[in-house]
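Quick caveat: nothing in here was measured; it's all calculated off a predicted structure.
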Amino acid sequence: MKSLEGVIAKGIGGFYYVDTKAGLIECRARGIFRKKGMSPLVGDEVVISTEDGKTGSVDEIKPRRNSLIRPAVSNVTHMMAVVALESPKPNPYVLDKLIASAEFANLKISVCFNKSDLVEDTSLADVYASAGFNTVIASAADNVNVDGLKALLKDEITVFAGNSGVGKSSLLNRIMERDLFETGKISDKTERGRHTTRHSELVSLPFGGYIIDTPGFSSFELDMIPLEELPGLFREFKNHTTGCRFLDCRHISEPDCSVTAAIKNGEISQVRHESYKQLYDEIKKAKQNQF
C-alpha cells in the first residue's frame with residue numbers, strides 16, 4: 001500500500017478524484033469521516049493510500065485554511081464573481097450576498113461583468129470599482145478582456161461563482177483556450193441559464209494557479225454571520241462607521257449615522273447600501289427562526 005499526498009480535484013457520487021504527483025486517482029473516503037460528521041471537499045489537501053495507483057482511499061484531510069458552504073469548496077484564495085450586464089439582467093443584491101460571503105471567508109475578491117457585447121451601460125461596474133474591488137468588463141462571446149481576467153487569476157486558487165446563465169463556463173473556455181466546460185443557453189421566458197455545471201471541479205491553469213467552476217446559484221444562507229460583523233463586510237463602510245452617534249448603530253435609519261451621511265455625499269453607493277439593508281433583515285430573520 002502506497003501513501004500519497006494530493007488535492008481533491010472533483011467529487012461525484014461519493015467518489016473523490018485526487019490530483020497527485022502520480023496522476024489523478026479515484027478514491028473513496030474512509031468511514032471515519034462520516035463518524036466525525038465531515039465530508040471531503042473539492043480543494044481539500046489530503047493523504048491517500050493506493051495499491052494500484054488508479055484507485056485508493058482518502059485517509060486524512062489536512063487542516064483547511066477556509067471553506068465555503070455554497071459552493072462547497074475549501075482552501076480558496078480568490079473569488080471571481082461573474083455578473084452578466086444583460087441576459088440575465090444583473091441583480092446587485094445577489095452579487096452583494098456573494099461578496100459578503102467571500103469577505104467573511106477572507107478571500108481576495110474580483111468582479112467580472114460579462115456580456116459587454118450586449119449593452120453599452122457599464123455604470124454598475126463603476127459602483128464596485130469605486131468600492132475597492134478589482135473589476136473586469138469582458139465579453140466571452142467577443143473574446144474581450146480575457147487577458148485582464150488571466151492577470152487576476154494567475155497563481156491564485158479561484159472559485160468562479162454567479163447565477164446560472166451569466167457566462168462563467170464560456171469565460172473559462174476562453175481562459176483555458178479550449179472547450180473544457182459545457183455551456184448552456186438562456187431561456188427567453190425566464191432569463192435563466194441551464195445548470196451546465198453539475199459539480200465543483202478544480203482545474204489547473206496553464207499560466208499558474210487553479211480555478212474552481214461551480215454550479216450556478218442564486219441564493220445561499222448567511223445566517224452564520226454575526227449581525228454586528230455585517231458592516232465590516234461592506235468594505236466602503238469602514239472609513240465611516242466610527243463617526244456615528246451610537247456605538248451600536250445599524251447604519252440603516254439611525255440619526256447622525258456617518259454611513260448614511262456618506263451615501264448622501266456620494267461617497268457610498270445607494271445600490272450597495274440597499275443590499276446591506278436587505279442582508280441585515282435576512283440575517284436577522286434567519287437568526288430569529290433558529291430559536
Side-chain angles (χ1 to χ4, degrees), residues 68 70-71 78-103 107-146 148-149 152-153 158-175 181 183-197 211 213-222 233-237 263 266 268-282:
L68 304 180
R70 186 175 183 185
H78 178 221
M79 178 176 280
M80 178 68 72
V82 183
V83 184
L85 288 167
E86 187 67 42
S87 186
K89 293 186 181 297
N91 186 329
Y93 178 51
V94 172
L95 174 58
D96 288 326
K97 287 181 72 173
L98 182 60
I99 288 174
S101 73
E103 294 277 27
L107 303 184
K108 298 178 184 177
I109 301 168
S110 301
V111 187
C112 174
F113 294 87
N114 190 28
K115 304 189 182 184
S116 61
D117 53 295
L118 299 181
V119 66
E120 293 184 2
D121 182 8
T122 59
S123 56
L124 185 62
D126 295 336
V127 168
Y128 291 86
S130 297
F133 298 103
N134 292 318
T135 58
V136 178
I137 299 173
S139 169
D142 292 346
N143 202 22
V144 172
N145 218 357
V146 175
L149 285 173
L152 293 171
L153 300 175
T158 301
V159 58
F160 263 67
N163 284 354
S164 296
V166 297
K168 299 189 306 294
S169 295
S170 296
L171 285 168
L172 289 169
N173 286 337
R174 289 292 193 183
I175 290 163
F181 299 92
T183 60
K185 293 182 178 180
I186 294 291
S187 163
D188 291 335
K189 187 176 292 186
T190 64
E191 279 207 334
R192 292 181 180 178
R194 291 186 292 110
H195 289 248
T196 53
T197 304
I211 58 93
D213 188 28
T214 67
F217 59 89
S218 59
S219 64
F220 48 92
E221 303 303 322
L222 288 175
L233 304 183
F234 283 71
R235 56 179 63 180
E236 63 270 47
F237 288 13
I263 294 167
I268 294 176
S269 163
Q270 182 72 45
V271 170
R272 288 271 287 166
H273 190 247
E274 287 298 323
S275 292
Y276 167 79
K277 290 191 293 184
Q278 284 185 259
L279 274 172
Y280 188 96
D281 287 341
E282 182 177 328

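Looking at every heavy atom in both residues, Leu233 comes nearest to Ala100 through CD1-O, 3.7 Å. The nearest pair of heavy atoms linking Ser139 to Asp142 is OG-N, 3.0 Å. What you find for Ala138 and Cys112 is that their closest heavy atoms are CB-SG, 4.0 Å.
The main-chain N or O of Tyr93 is found under 3.5 Å from a side-chain atom of Asn91 such that the two form a donor-acceptor pair. In this structure a side-chain-to-backbone donor-acceptor pair under 3.5 Å is missing from Lys168 to Ala161. Side-chain atoms of Asn114 do not come within 3.5 Å of backbone N or O of Ala84 as any donor-acceptor pair. A donor-acceptor contact shorter than 3.5 Å is absent between the side chain of Thr122 and the backbone of Ala125. Arg174 contributes a side-chain N or O that, together with a main-chain N or O of Ala140, makes up a donor-acceptor pair within less than 3.5 Å. Side-chain atoms of Arg235 do not come within 3.5 Å of backbone N or O of Glu103 as any donor-acceptor pair. In this structure, Ser101 contributes its side chain and Leu98 its backbone to a donor-acceptor pair below 3.5 Å.
Once rounded to the nearest 0.5 Å, the distance linking CG of Asp126 with OG1 of Thr135 reads 7.5 Å. In this structure, CG on Asn145 lies 8.0 Å from OG on Ser116, to the nearest 0.5 angstrom. Remark: Ser275 OG to Leu95 CG distance equals 7.5 Å, nearest 0.5 Å. Taking CG of Asp96 as the reference point, atom CZ of Arg272 lies at 4.5 Å (rounded to 0.5 Å). Once rounded to the nearest 0.5 Å, the distance linking CE of Met80 with CG of Leu152 reads 5.0 Å. To the nearest 0.5 Å, the span separating CE on Met79 from CD1 on Ile109 amounts to 7.5 Å.
In this structure, a donor-acceptor pair under 3.5 Å is absent between the side chains of Tyr128 and Asn134. Looking at Glu282 and Gln278, their side chains never bring a donor and an acceptor atom within 3.5 Å of each other.
The side-chain heavy atoms of Pro90 and Leu85, taken from C-beta on, include no pair separated by under 4.5 Å. Residues Val119 and Phe113 have side chains not in contact (no heavy-atom distance under 4.5 Å, counting atoms from C-beta outward). Between Leu153 and Ile211 there is a side-chain heavy-atom pair separated by less than 4.5 Å. For the pair Pro92/Leu124, a side-chain contact is recorded, criterion being any heavy-atom separation below 4.5 Å from C-beta on. Under the 4.5 Å side-chain criterion, counting only non-hydrogen atoms from C-beta, His273 is not in contact with Phe234. The closest side-chain heavy-atom distance from Leu118 to Lys115 is below 4.5 Å.
Taking the six-membered ring for Trp and thresholds of 30 and 60 degrees, Tyr276 and Tyr280 have ring planes inclined between 30 and 60 degrees apart.
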ask   = Between Val144 and Asp117, does a side-chain contact (heavy atoms from CB on, under 4.5 Å) hold up when you go through it step by step?
value = CA-CA 9 Å; Val144 172; Asp117 53 295; over 6 Å; no
Apply side-chain contact (heavy atoms from CB on, under 4.5 Å) to residues Val82 and Val111 and explain how you reach the verdict. CA-CA 6 Å; Val82 183; Val111 187; over 6 Å; no
- [ ] Determine, stepwise, if the pair Ser110 / Val136 fulfils side-chain contact (heavy atoms from CB on, under 4.5 Å).
- [x] CA-CA 8 Å; Ser110 301; Val136 178; over 6 Å; no
